[in-house]
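Have a look at the structure below before the remarks.
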There are 2 protein chains.
Amino acid sequence: MKKKTTIYDIAKELNVTVSTVSRALSGFPAISDATRQAVFEAAKKLNYSPNKLASALKSGRTYIIGVIVPSVQAHFFASIIHSIEEGLKNSGYRIILYQSNESVASEINGVKTLLEAQVDGIMASLSLETEDVAHFEEVIKQHKPLILFDRVHEKLKVPTVTLDDFKAGYMATQHLIKQGFKNIAYVTTVHQIRIFNDRLKGYKAALTDNNLPINEEHIIFGGLSIKDGKFGADKLIRSENKPDAIIAADDFTALGVIQKLKEIDEPLPKIGVIGFANEAFSAYITPSLSTIDQHPNQMGAECAKLFLNTMQNKPNQKVNHVVIDPSLVERESTKLKM
Amino acid sequence: MKKKTTIYDIAKELNVTVSTVSRALSGFPAISDATRQAVFEAAKKLNYSPNKLASALKSGRTYIIGVIVPSVQAHFFASIIHSIEEGLKNSGYRIILYQSNESVASEINGVKTLLEAQVDGIMASLSLETEDVAHFEEVIKQHKPLILFDRVHEKLKVPTVTLDDFKAGYMATQHLIKQGFKNIAYVTTVHQIRIFNDRLKGYKAALTDNNLPINEEHIIFGGLSIKDGKFGADKLIRSENKPDAIIAADDFTALGVIQKLKEIDEPLPKIGVIGFANEAFSAYITPSLSTIDQHPNQMGAECAKLFLNTMQNKPNQKVNHVVIDPSLVERESTKLKM
DNA sequence: TTGAAAGCGCTAACAT
DNA sequence: ATGTTAGCGCTTTCAA
């Protein structure tokens, strides 16, 4: 079991110094073509593989970006990760993934871990639990780029990539109204996350703009999941003023709503249902779920672009906020008129 | 902008040497409690954060495991990753993710990249394209644990975690037969991946065991996707000997089959359909899709366990092959008798 | 129980 | 165009 080849081995092989080898390998211009070629050949011959760790330690750059998401199991986040990687391709940067599982404690640990791993920057989408964001201050203090996407926080003055969530909420509501629904309820999370608040605001604004009353009892604050959707739907259906449509703050919750409505034999889509995120299953359930597409691929691409720009040292640039336009995906679950 | 705190700063603060600080921090026993406590206090006071890079360079261990999967967008792989992380929790190991996007070229690059990042080991599930696995030899040569899961390869003599795919194929077929289907077709990938071959073998064995003929024209070799499912279904329905049930090698393909059958007004579930993987959508489509659950969470947990065992240097242990038992998820798409 | 010092593999300033 | 050399921050052997 021989030791791994280092640039010293290559240097010895060619009777040059390590600096020459290092320079040849890293594309330094002032190296003769002959030397460069010899170095590459020797490297190949000796089966050389660079130790990025050593390089990173010396240069202070790891070319690794930490990405924190609540969970890869949500198709939305999986898509974002996918397109972040896509956008980083050929830039030399790679990502290291950390899942918070919607827990602040885990998120705090994630930031610490990534910082210790000397990542060159962090991209994060906050957990539902996260209210205090002090744990991210250290990233900023270390002058490492921090980019927040989707679930952002106003306390952090950093570049963000978000959906226009107000518009998203407005669109969903407006769509239902246009379809002929008049008594529209809303199931959302109790957590004070900006994006969910914004969607709710959009909902309220749309109602108001259409001279429809805002009925606070029609706004259910709970969790976001199939179970919570079932719970919310049940509560709404039993309420005195039974709604004729339900907006759920995400597709999982909307799915729960649909399941409950089926369970209790409420006619669909006579009661309209719409969600957010265009999850993997949304097109295929029955009735197929109308939803607001949040364009995760675009979000991921923008995150990558933002990061790359920041690293190119555009110096005094002001903080960037990319806002993605939501789009309506009309499907059967909101087709009142057939 | 002050520099980051290092163990030297702590040493200076306390008038001890770096070795003492290093030992105190790393839990070395022969350190007086007083010193240890003083070190921890100073560390806290100076806001010290260890540089794992330096530690890794010196010690030769990064505590990072590279994980290569075709894509996180498949719920199956997302679940595996999730449970690998879960299983690694508290072990000190982190994972760095690499997506091959079903491309060998990308997979080769992934191995190279991860090795350069000095990961302590690699867990991988092969791309559909992968036939030659020479690129993984280097991992073995470096004496780093390599664990293959789900999409494995016999050329690589390494620990594996797989489903009993033969049984899975057998179960799916047997289930259809039990439900009363008699003329069962099969849509699978043209790629020579063991798990898909095994499923097909299970299918054939089940037919034979039930004295049903194997009709080679009923086995469609194409891709695995919604589109391919549609294509396969179309071809099968038009064939002379029209099948009364279709097995698709994964749920996406099964979904395509169902969509095509609906499109051409074939009655469901009079034509039975079953898939593999129990994807996120499978329970919610109409008819809900019967499928074989591959227990990704169990697979991920086993991968983590296998890795941790390997690192604990159970010395002459023979290569481990964990085989997970598939289970049948009966839903509407195979309910011939109501 | 603690200190001194070498060195992990690489980069980069300073020489030549 | 190439060489010399000093670290990056940490671990670890040897010595005290």
Side-chain angles (χ1 to χ4, degrees), chain A residues 1-40 42-43 46-64 92 115-120 142 144, chain B residues 2-40 42-43 46-64 92 115-120 142-144:
Chain A
M1 170 174 176
K2 57 184 185 304
K3 296 225 26 161
K4 279 195 63 183
T5 307
T6 73
I7 51 172
Y8 281 87
D9 302 315
I10 300 179
K12 200 180 292 166
E13 175 89 4
L14 299 176
N15 281 316
V16 294
T17 59
V18 284
S19 16
T20 303
V21 176
S22 173
R23 287 194 270 252
L25 253 19
S26 62
F28 191 77
I31 286 283
S32 75
D33 279 354
T35 310
R36 185 183 308 279
Q37 204 183 323
V39 167
F40 275 99
L46 298 175
N47 192 23
Y48 170 74
S49 163
N51 184 332
K52 299 268 172 162
L53 237 50
S55 164
L57 178 60
K58 177 66 195 173
S59 69
R61 308 185 72 189
T62 53
Y63 288 93
I64 292 178
L115 249 18
E116 289 180 1
Q118 310 300 118
V119 294
D120 287 351
Q142 292 191 17
K144 293 186 171 172
Chain B
K2 55 183 187 304
K3 296 226 24 160
K4 278 195 64 182
T5 306
T6 73
I7 51 172
Y8 280 86
D9 301 313
I10 300 179
K12 200 180 292 165
E13 176 88 5
L14 300 176
N15 281 315
V16 294
T17 58
V18 285
S19 3
T20 303
V21 176
S22 173
R23 288 194 268 250
L25 253 19
S26 63
F28 192 77
I31 286 282
S32 73
D33 280 353
T35 310
R36 185 184 308 279
Q37 205 183 325
V39 167
F40 274 99
L46 298 175
N47 192 23
Y48 170 74
S49 163
N51 183 333
K52 299 268 173 162
L53 236 51
S55 163
L57 177 60
K58 179 64 196 176
S59 70
R61 308 185 71 189
T62 53
Y63 288 95
I64 292 177
L115 249 19
E116 289 180 0
Q118 309 300 120
V119 294
D120 287 351
Q142 292 191 16
H143 298 93
K144 293 187 171 172

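Everything numeric here is computed off the predicted structure, so don't read it as measured data. Just so we're on the same page: letters track the sequence lines, and every chain starts at 1.
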Do nucleotides 8-16 of chain D as a string where each nucleotide becomes B, S or -: B if the base has a protein heavy atom under 4.0 Å, S if just the sugar-phosphate does, - if no protein is that close. BBBBBB---

Partner of B:Ile10 under side chain to side chain contact (heavy atoms under 4.5 Å, CB included), picked from B:Val18, B:Thr20, B:Val21, is B:Val21

What pair of heavy atoms forms the shortest contact from A:Leu46 to A:Thr5, and how long is it? O-OG1, 2.8 Å

How many whole angstroms separate atom CG of B:Leu14 from atom C1' of C:dG3? 15 Å

Measure from NZ on B:Lys12 to C1' on C:dG3 and round the result to the nearest Å. 17 Å

Whole angstrom is fine here: how far is it from CD in B:Gln37 over to P in C:dT1? 16 Å

Return the CG to NZ distance between A:Asn51 and A:Lys4, rounded to the nearest 0.5 Å. 6.0 Å

Give a yes/no on whether any side-chain N or O of B:Thr35 is located under 4.0 angstrom from OP1 or OP2 of C:dT1. no

Rounded to whole angstrom units, what separation is found between the CZ atom of B:Arg36 and the C1' atom of C:dT1? 11 Å

Report yes if some heavy atom in the side chain of B:Thr35 is under 4.5 Å from a heavy atom in the side chain of B:Leu14; otherwise report no. no

Nearest heavy-atom pair of A:Glu13 and A:Ala42: which atoms, and what distance? CG-CB, 4.3 Å

Can you tell if the side chain of A:Lys12 reaches within under 4.5 Å of the side chain of A:Tyr8, non-hydrogen atoms only? no

What is the distance, rounded to the nearest whole Å, between atom CG of B:Leu25 and atom P of C:dT2? 14 Å

